Amino acid sequence: MPIYKAPVEDVTFLLNDVFQFDRFNNLPGFTDASADVREAILGEAAKLSEEVLQPLNRVGDLEGCKRHDDGSVSTPKGFKDAFKQVAEGGWLGLSAPAEYGGQGLPVTLSQAVNEFQCSANMAFTMYGGLTMGAVAALLVHGNAEQKKTYVPNMVAGKWTGTMNLTEPHCGTDLGLMRTKAVRQADGSFRITGTKIFISAGEHDLADNIIHLVLARIEGAPAGIKGVSLFVVPKFLVNADGSVGSRNGVTCGSIEHKMGIHGNSTCVMNYDNATGWLIGEENKGMQGMFVMMNEARLGVAVQGLAQSEVAYQNAVAYARERLQGRSISGVKAPDKPADPIIVHPDVRRTLLTIRAFNEAARAMVVWTALKSDVAHRSSDPKDRQEADDHMGLMTPVMKGVMTGTGFANTVLAQQMYGGHGYIAEHGMEQFVRDSRISMIYEGANGVQALDLVGRKLPRDGGRAIMAFFAEVGAFVKENSGNDAMKPYVGPLSTALGHLQQATGWLMQNALAKPDNAGAAATDYMDLFGLVTFGYMWARMAKVANDKIAASGATQYLNTKLVTGRFFMERMLPETATHLARLQTGCATTMELAAEAF
């Protein structure tokens with residue numbers, strides 16, 4: 001059976017030492033998250049994830065969700081009690097505003113907890129994750145009555161939330177949607193249409209489900225400019241806040257899918273359902289983008305989380321599995337064969353996964369802190385800089401962390417040989433579950449196009465220039481430090497590759513947009529590698545400083561070796577991405593469609 005242990009020590013190292021969490025105590029909520037409070041939160045989150053959620057992961061995969069003849073859906077055995085524990089423990093509202101029943105703590109802590117829970121049970125964790133994404137959209141774009149009506153119960157986990165975008169005939173191109181909204185005399189709307197792939201669309205975990213639905217008001221402009229956002233509860237809410245009569249929204253079926261069987265992915269039918277406009281008419285994407293951006297960062301964490309749990313199991317197996325003898329001499333003379341972890345290629349595979357996991361975790365913490373600054377700082381300049389960072393990094397994190405995270409689950413499965421293909425070991429579930437992260441919340445190719453087409457040129461390239469300046473300054477500051485040369489040298493080279501790629505796009509994309517389209521994924525992957533390299537260099541700097549001050553530990557030595565492995569064996573791939581994208585779109589676009 002699979003195992004999982006939350007990486008509390010690594011998160012603590014990042015919070016306390018690398019990013020110096022307490023430096024942000026001028027922001028609301030940070031003084032309430034002192035070191036001892038953080039330790040307690042991470043410890044309890046680890047315990048919940050390891051002891052309650054992880055044992056249900058295989059249960060959810062085997063049982064799945066069941067739709068009944070009346071349209072109701074039951075979740076796998078144990079999910080309902082586990083969700084009650086999560087809700088009553090205040091985990092959903094960890095970072096939600098106190099005025100709505102949350103604890104108001106930094107989102108940085110929520111993201112750390114989210115990783116633990118996603119590693120333990122990704123399908124289960126999606127119920128709460130989608131709920132808090134819906135809360136974010138309501139807090140930004142909902143009116144006072146909507147916030148009062150829905151948010152406190154969602155934060156408490158009494159009600160859950162969803163996002164309804166995709167329709168059978170349209171996915172990314174939401175301008176093609178057909179779901180319609182008809183205005184009523186009382187200010188409400190009647191919503192009619194069908195939405196598909198709706199995660200957590202129907203279940204038995206909460207008393208009500210609050211759907212955020214994109215629809216087009218009758219007479220609205222065609223395309224994306226005519227789309228509005230509505231709140232459509234499963235049960236109408238009475239004036240006193242209690243749950244009232246059933247609304248005209250039902251689960252038509254549950255999708256039969258590759259993984260995340262413990263989450264109810266539904267076809268939702270809206271038949272004259274009563275809904276209320278969120279925000280302005282025809283500005284629905286503004287509200288939905290709040291939720292989508294929250295979801296994209298959450299999905300990026302899913303990529304890391306599945307990579308982490310797959311890695312842990314692969315390491316445990318590699319230590320135990322006896323197979324062959326070390327090519328440099330017998331390592332276990334008392335056994336009939338050596339454990340496979342002695343073989344260089346096995347170690348290469350494991351270090352490849354580990355080096356990604358630790359860099360990606362650092363990137364999550366770094367970006368989560370920027371999110372806290374963007375939402376909590378009183379300094380307009382700091383908020384702008386943080387918002388620039390978030391806009392630039394969101395597609396990189398979603399695209400690179402999910403793509404690499406999935407690839408890593410496959411690498412971890414490979415460690416088991418034939419046993420990795422057998423369900424009882426759990427590795428094939430990690431592969432199946434992680435595959436969806438590359439698809440939903442904007443497929444990774446779309447993330448790459450968003451990065452190249454929108455995020456790079458935004459505000460005259462202000463965000464990318466700030467990134468270049470920050471990394472360049474770090475390289476310059478540490479270039480004379482002998483202990484840092486194994487890190488800043490490769491980072492400087494990789495940064496140069498990213499700058500060359502950016503310059504190439506500036507020169508070649510405007511005149512011929514297909515050049516940007518053909519280069520987008522390589523550019524995104526190059527960007528991700530450079531960012532991971534920067535994270536490793538920052539971690540190495542702290543590790544070296546701590547060793548110089550108080551001596552080496554196994555943790556710090558391991559950190560430095562893993563960082564050198566990344567710099568030597570993974571970061572050089574930036575040269576390949578640069579060479580590929582500089583070839584342009586000629587061969588990519590030359591063939592006629594019928595030639596494929």
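Note that the structure is a prediction, hence the values are computed from the model and not measured. Residue numbers run from 1 in the order of the sequence given. When reading the values below, keep in mind they use all heavy atoms of this one structure, side chains included, and skip hydrogens, waters and symmetry mates.
Of the candidates Lys370, Arg458, Lys455, Arg458 is the only one forming a salt bridge (Lys or Arg N to Asp or Glu O under 4.0 Å) with Asp387. Under the side chain to side chain contact (heavy atoms under 4.5 Å, CB included) rule, Phe21 has a single partner from Asp372, Leu14, Leu15, Thr12, which is Leu15.
Among residues two or more places apart in sequence or in another chain, the side chain to side chain donor-acceptor pair (under 3.5 Å) test is passed with Thr367 by His389. For Ala6, the side-chain contact (heavy atoms from CB on, under 4.5 Å) partners at least two apart in sequence or on another chain are Tyr4, Val8, Ala46, Glu50, Phe116. Partners of Asn143 by side-chain contact (heavy atoms from CB on, under 4.5 Å), not counting sequence neighbours, listed by chain and number: Glu145, Gln146. Every residue was checked against the ring pair (Phe, Tyr, Trp, His ring centres under 6.0 Å) condition with Tyr100, not counting sequence neighbours, and none meets it. Residues satisfying the side-chain contact (heavy atoms from CB on, under 4.5 Å) test with Thr179, not counting sequence neighbours, are Glu167, Ile191, Lys195, Ala215. In this view, Phe124 and Phe79 satisfy the ring pair (Phe, Tyr, Trp, His ring centres under 6.0 Å) rule, not counting sequence neighbours. In this structure, the ring pair (Phe, Tyr, Trp, His ring centres under 6.0 Å) partners of Phe356, at least two apart in sequence or on a different chain, are Phe532. Applying the ring pair (Phe, Tyr, Trp, His ring centres under 6.0 Å) criterion to His203, with sequence neighbours excluded, gives Tyr127.
The closest side-chain heavy-atom distance from Arg216 to Pro221 is not below 4.5 Å. Within the 4.5 Å cutoff, no side-chain heavy atoms of Lys257 are placed close to those of Ile436.
In terms of modelled atom types and a separation under 3.5 Å, the side chain of Ser307 and the main chain of Gly405 share no donor-acceptor contact. The closest donor-acceptor contact from the side chain of Asn153 to the backbone of Lys158 lies at 3.5 Å or more, if one exists at all. In this structure, Arg67 contributes its side chain and Asp70 its backbone to no donor-acceptor pair below 3.5 Å.
Listed by first and then second residue, the ring-ring contact (aromatic ring centres under 6.0 Å, His included) pairs involving residues 234-267 amount to none (not counting sequence neighbours).
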Table please: side-chain donor-acceptor pairs of residues 80-91 below 3.5 Å, with sequence neighbours left out.
| unit_1 | atom_1 | unit_2 | atom_2 | d |
| --- | --- | --- | --- | --- |
| Asp81 | OD2 | Gln85 | NE2 | 3.1 |

Extract all donor-acceptor atom pairs below 3.5 Å that involve side chains of residues 440-447 and protein atoms in other chains or at least two apart in sequence.
| unit_1 | atom_1 | unit_2 | atom_2 | d |
| --- | --- | --- | --- | --- |
| Tyr440 | OH | Gln302 | OE1 | 2.6 |
| Tyr440 | OH | Gln302 | NE2 | 3.3 |
| Asn444 | OD1 | Lys398 | NZ | 2.9 |
| Asn444 | OD1 | Thr402 | OG1 | 3.3 |
| Asn444 | ND2 | Gly399 | O | 3.1 |
| Asn444 | ND2 | Thr402 | OG1 | 2.9 |
| Gln447 | NE2 | Glu441 | O | 2.9 |
| Gln447 | NE2 | Gly442 | O | 3.0 |

Do any side-chain atoms of residues 420-428 form donor-acceptor pairs under 3.5 angstrom with protein atoms, and if so which ones, sequence neighbours left out?
| unit_1 | atom_1 | unit_2 | atom_2 | d |
| --- | --- | --- | --- | --- |
| Glu428 | OE1 | Arg432 | NE | 2.7 |
| Glu428 | OE1 | Arg432 | NH2 | 3.2 |
| Glu428 | OE2 | Arg432 | NH2 | 3.1 |

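Residue Val11 comes nearest to Arg361 through the heavy atom pair CG2-CD, 3.8 Å, listed as atom of the first residue, atom of the second, then distance. Here the closest non-hydrogen pair linking Leu277 and Ser228 is CD1-CB, 3.8 Å.
Atom CG of Asp240 has more than 12 neighbouring heavy atoms from other residues, nucleotides or ligands inside a 6.0 Å radius. The number of heavy-atom neighbours closer than 6.0 Å to CD of Glu39, taken from other residues, nucleotides and ligands shown, is 12 or below.
Salt bridge annotation for Lys234-Glu202: present, with a cationic side-chain nitrogen under 4.0 angstrom from a carboxylate oxygen. Salt bridge status for Glu99 with Lys147: absent, with no side-chain N to carboxylate O gap under 4.0 Å.
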For this session: Just do the salt bridge (Lys or Arg N to Asp or Glu O under 4.0 Å) check on Glu281 and Arg183 with the steps written out, would you?
Result: CA-CA 11 Å; Glu281 291 185 20; Arg183 196 184 313 272; 2.7 Å; yes
message: Test side-chain contact (heavy atoms from CB on, under 4.5 Å) on Met132 and Val155; report intermediate values, then the result.
response: CA-CA 7 Å; Met132 297 317 296; Val155 168; 4.3 Å; yes
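Because its NZ or CZ atom is both nearer than 6.0 Å to the ring centre of Phe406 and within 45° of the ring axis, Arg435 counts as a cation-pi partner of that residue.
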